[in-house]
Amino acid sequence: MGSVGTGTRNKVSGGEEEETINVLITGFAPFRTDFPINPSWEIAKSLPEYLPPPPTPFRGIPGHVPPPGTATGTIPPNPTNPPIPLPKVRLLVHPSPIHVGYRAVRNLVPSLWHLDSPSTPKIDLAVHIGMAGPRGFYSIERRAHKSNYTMGDVDNNLLSDLDDESAPHPWQDLPEELLSDLDMEDVLQRWRDHSPPYSDLRISEDAGHYLCDFIYYSSLAHLVKNNPHERKRVVFLHVPSEASPAWVKVGRELCLSLVRGMVESEVVRRERGLKVEDHQEEVGEL
């Protein structure tokens with residue numbers, strides 16, 4: 001997986017190099033008859049190619065009525081983490097909704113991170129988006145699970161059906177749970193700081209033991225297998241099931257503010273690490 005510390009360098013006028021951070025985004029296809037539109041894909045496909053500047057202040061989405069019991073207004077004048085300058089952030093949306101099937105996800109995930117082609121941008125961060133139930137809050141998942149998938153997919157397959165096939169399980173030697181290496185509390189705070197104050201944003205500890213959980217574990221597992229020493233900079237975003245245009249627009253803006261929070265968190269971590277290295281070099285020269 002790419003490092004935010006290095007990113008992708010592109011030549012600009014004067015021969016200088018400009019850093020670009022590449023963020024992979026995925027969304028799912030519909031999978032339930034009572035929810036014929038999956039908002040995760042509607043949100044993903046609506047995203048711009050590059051992360052725009054943050055609104056100042058972010059007053060919410062015109063025409064959107066916040067969920068009952070939530071506050072309205074603007075972002076407080078002194079958020080915990082005000083916006084900081086960022087490199088250019090490119091959003092690489094997977095070109096089609098992901099089929100809600102265990103076999104399809106298992107076959108697809110390695111190609112999302114396949115970096116052998118010189119023309120393939122190096123992925124620095126990733127956000128998998130999926131639909132939760134009819135609720136009013138958005139959550140980022142801290143952990144993903146390897147087993148106990150008891151619900152059949154849209155092809156009427158269980159994950160255990162794949163595990164019983166002749167091919168060995170690709171992650172049989174990995175832990176039952178894998179966690180993102182992002183600083184989730186810091187990301188959550190920055191996400192909240194860049195979102196309307198009525199937004200209910202949380203960290204979740206249970207991704208659901210279905211395809212949302214499975215693609216999350218699949219990405220984390222692939223990264224561990226590919227390079228055990230590389231940090232796993234990937235999260236799963238669960239969004240409400242409501243897929244009206246107003247809600248999709250809210251989800252779009254909250255996804256953008258999440259990406260901003262993730263990139264900021266990693267940039268700050270990098271800068272702190274560089275300061276520590278500089279200090280250690282100075283001490284060594286004394």
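For the pair S241 (side chain) and M131 (backbone), a donor-acceptor distance under 3.5 Å is absent. A distance-only check finds a donor-acceptor pair linking the side chain of D161 to the backbone of L158 [under 3.5 Å]. Under a 3.5 Å cut-off, the side chain of N22 and the backbone N or O of P121 do not form any donor-acceptor pair. Of the possible donor and acceptor atoms, one in the side chain of N107 sits under 3.5 Å from a partner among the backbone N and O of R103. Judged by distance alone, with hydrogens and angles left aside, the side-chain atoms of S111 form a donor-acceptor pair with the main-chain N or O of L108 at under 3.5 Å. Put simply, the side chain of R90 never gets that close to the backbone of E49: no donor and acceptor are under 3.5 Å apart. Between the side chain of K88 and the main chain of Y50, no donor-acceptor pair closer than 3.5 Å is present. Under the 3.5 Å distance criterion, the side-chain polar atoms of Y216 are matched with a main-chain donor or acceptor of E141. Looking only at distances, no side-chain donor or acceptor of S265 sits under 3.5 Å from a matching main-chain atom of G261.
Taking D213 as the reference, nothing meets the salt bridge (Lys or Arg N to Asp or Glu O under 4.0 Å) condition, with sequence neighbours excluded. Legend: residues meeting side chain to side chain contact (heavy atoms under 4.5 Å, CB included) with S244, ordered by chain and number and at least two apart, are E242, A246, W247. For the side chain to side chain contact (heavy atoms under 4.5 Å, CB included) test, residues two or more places apart in sequence or in another chain that qualify with A243 are I37, P39. Looking at residues two or more places apart in sequence or on another chain, you find a side-chain hydrogen bond (donor to acceptor under 3.5 Å, both in side chains) between S139 and R135. Evaluation of the ring pair (Phe, Tyr, Trp, His ring centres under 6.0 Å) rule for F236 yields H238 as partners, not counting sequence neighbours. A search for ring pair (Phe, Tyr, Trp, His ring centres under 6.0 Å) contacts involving H209 returns H145, Y149, not counting sequence neighbours. Partners of Y138 according to the ring pair (Phe, Tyr, Trp, His ring centres under 6.0 Å) rule, which considers only residues two or more places apart in sequence or in another chain, do not exist here. Partners of E205 according to the side-chain hydrogen bond (donor to acceptor under 3.5 Å, both in side chains) rule, which considers only residues two or more places apart in sequence or in another chain, are R142, R143. Here D181 pairs with K232 under the side-chain hydrogen bond (donor to acceptor under 3.5 Å, both in side chains) rule; sequence neighbours left out. For the ring pair (Phe, Tyr, Trp, His ring centres under 6.0 Å) test, residues two or more places apart in sequence or in another chain that qualify with F31 are Y210. Residues passing the side-chain hydrogen bond (donor to acceptor under 3.5 Å, both in side chains) test with S46, sequence neighbours excluded: none. When the salt bridge (Lys or Arg N to Asp or Glu O under 4.0 Å) test is applied to R260, no partner is found at least two apart in sequence or on another chain.
Annotation: the span from M151 atom CE to Y102 atom OH amounts to 7.0 Å, rounded to 0.5 Å. Here N38 contributes atom CG and I98 contributes atom CD1; the two are 10.5 Å apart, rounded to the nearest 0.5 Å. In this structure, OG on S199 lies 10.5 Å from CD on E253, to the nearest 0.5 angstrom. A distance of 6.5 Å separates CH2 in W113 from CD1 in I123, rounded to the nearest 0.5 Å. In this structure, NZ in K249 is found 13.5 Å from CD1 in I43, a value given to the nearest 0.5 Å. Expressed to the nearest 0.5 Å, how far OG1 of T26 lies from CG of L112 amounts to 7.0 Å.
For the pair T20/V89, no side-chain contact is recorded, criterion being any heavy-atom separation below 4.5 Å from C-beta on. L24 places none of its side-chain heavy atoms less than 4.5 Å from the side chain of V127. In this structure, the side chains of I140 and L201 stay at 4.5 Å or more apart for every pair of heavy atoms. For the pair S195/S257, a side-chain contact is recorded, criterion being any heavy-atom separation below 4.5 Å from C-beta on. By the 4.5 Å heavy-atom criterion applied to side chains, F28 and P97 are not counted as neighbours. With a 4.5 Å cut-off on side-chain heavy atoms, L86 and V267 count as touching.
Taking both residues in full, the closest heavy atoms of P134 and F35 are given as CD-CZ, 4.3 Å, listed atom of the first, atom of the second, then distance. Annotation for K146 and L159: closest pair O-CD2, 3.8 Å, computed over non-hydrogen atoms. Of all heavy-atom pairs between D155 and G101, the closest is OD2-CA, 4.1 Å. For A44 against I25, the heavy-atom pair with the smallest separation is CB-CG2, 4.0 Å. When all heavy atoms of C255 and I129 are compared, the pair lying nearest together is SG-CD1, 3.8 Å. Minimum heavy-atom separation, V100 to A29: CG2-O, 3.3 Å.
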*asked:* Using salt bridge (Lys or Arg N to Asp or Glu O under 4.0 Å), reason through R190 and D183 one step at a time and then give a plain yes or no.
replied: CA-CA 11 Å; R190 294 177 186 278; D183 184 339; over 6 Å; no
*Decide yes or no on side chain to side chain contact (heavy atoms under 4.5 Å, CB included) for L256 and L91, but give the supporting numbers first.*
CA-CA 9 Å; L256 291 173; L91 306 179; 3.6 Å; yes
*So E230 and N226, side chain to side chain donor-acceptor pair (under 3.5 Å) or not? Walk me through it.*
CA-CA 9 Å; E230 185 76 26; N226 186 61; over 6 Å; no
*Taking it one step at a time, do R192 and D200 satisfy side chain to side chain contact (heavy atoms under 4.5 Å, CB included)?*
CA-CA 9 Å; R192 288 173 171 170; D200 189 347; 5.8 Å; no
*Please report the C-alpha distance between V234 and H128 in whole Å, then the side-chain angles of each, then the deciding distance to 0.1 Å, and finally whether the side chain to side chain contact (heavy atoms under 4.5 Å, CB included) criterion is met.*
CA-CA 8 Å; V234 53; H128 296 301; 3.9 Å; yes
*asked:* Assess the residue pair V105 and D153 against the criterion (side chain to side chain contact (heavy atoms under 4.5 Å, CB included)); give the C-alpha distance rounded to whole Å, side-chain angles, the decisive distance to 0.1 Å, and a yes or no.
replied: CA-CA 11 Å; V105 167; D153 61 18; over 6 Å; no
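The only option from V235, V259, L254, I203 that meets the side chain to side chain contact (heavy atoms under 4.5 Å, CB included) definition with W191 turns out to be L254.
In summary, E42 and R252 do not engage in a salt bridge, as defined by a charged side-chain N under 4.0 Å from a carboxylate O. A salt bridge does not link K122 to D124: none of the charged nitrogens lies less than 4.0 Å from a carboxylate oxygen. Salt-bridge annotation for E19 and R270: present, with a side-chain N of the basic residue lying under 4.0 Å from a carboxylate O of the acidic one.
Taking hydrophobic clusters as Ile, Leu, Val, Met, Phe, Trp and Tyr residues chained together by side-chain heavy-atom distances below 4.5 Å, L179 does not share a cluster with L174.
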